[in-house]
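This report refers to the structure that appears directly beneath it.
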Amino acid sequence: MILLDTNILTASKQSGHPDFVKVTEGLKQFIIDNEDLVICPQNLYEFFVASTRPIANRGLGLSREKALKEIENLKNTYRFIDDPENLFM
């Protein structure tokens with residue numbers, strides 16, 4: 001199981017990102033190798049913040065609606081592991 005870092009997720013959505021090719025090729029190889037790629041709530045919180053931040057401030061410049069759609073795409077692409085209900089008990 002490989003927990004994907006939010007920086008990987010955001011770089012994979014920006015074709016102009018300096019690491020786009022390296023990131024997307026790495027993700028493809030993980031898929032070929034049948035790796036279990038997972039994301040968690042923290043990834044989604046961070047992705048939302050980064051994706052709705054203006055491009056001038058190193059964000060993706062997406063609207064709230066587009067960011068939420070991208071989050072659904074991430075949840076459909078990678079295995080989502082939710083926080084346990086008793087996390088803070």
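- For the pair A50 and T10, the tightest heavy-atom approach, listed with the atom from each and the gap, is CB-CG2, 3.9 Å.
- For D5, the side-chain hydrogen bond (donor to acceptor under 3.5 Å, both in side chains) partners two or more places apart in sequence, or in a different chain, are N7.
- Partners of T6 under the side-chain hydrogen bond (donor to acceptor under 3.5 Å, both in side chains) rule, at least two apart in sequence or in another chain, are N43, E46.
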Taking only distance into account, with no hydrogens and no angle test, what donor-acceptor pairs under 3.5 Å do side-chain atoms of residues 63-75 form with protein atoms, sequence neighbours excluded?
unit_1	atom_1	unit_2	atom_2	d
S63	OG	K66	N	3.1
E70	OE1	K13	NZ	3.0

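- Under the side-chain hydrogen bond (donor to acceptor under 3.5 Å, both in side chains) criterion, R53 pairs with no residue, sequence neighbours left out.
- L3 and L9 sit in two unconnected hydrophobic clusters of ILVMFWY residues. Membership requires side-chain heavy atoms under 4.5 Å apart, directly or through other members.
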Evaluation steps, side chain to side chain contact (heavy atoms under 4.5 Å, CB included), between H17 and V23: CA-CA 10 Å; H17 191 283; V23 166; 6.0 Å; no
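- Here the rule is side chain to side chain contact (heavy atoms under 4.5 Å, CB included) with F80, and of T77, D82, N76 only D82 fits it.
- Rounding to the nearest 0.5 Å places SG of C40 at 8.5 Å from OH of Y45.
- Once rounded to the nearest 0.5 Å, the distance linking NZ of K22 with CD1 of I8 reads 8.5 Å.
- Residues F88 and D83 are not in side-chain contact: their nearest non-hydrogen atoms beyond the backbone lie 4.5 Å or more apart.
- Using a 4.5 Å cut-off between side-chain heavy atoms of Ile, Leu, Val, Met, Phe, Trp and Tyr, V21 falls into a hydrophobic cluster with F20.
- I39 contributes atom CD1, which lies 14.0 Å from atom CD1 of I2 (distance to the nearest 0.5 angstrom).
- Across all non-hydrogen atoms, the minimal contact from Q14 to G59 is NE2-O, 4.0 Å.
- A distance of 6.0 Å separates CD1 in I31 from OH in Y78, rounded to the nearest 0.5 Å.
- For E85, there are no side-chain hydrogen bond (donor to acceptor under 3.5 Å, both in side chains) partners at least two apart in sequence or on another chain.
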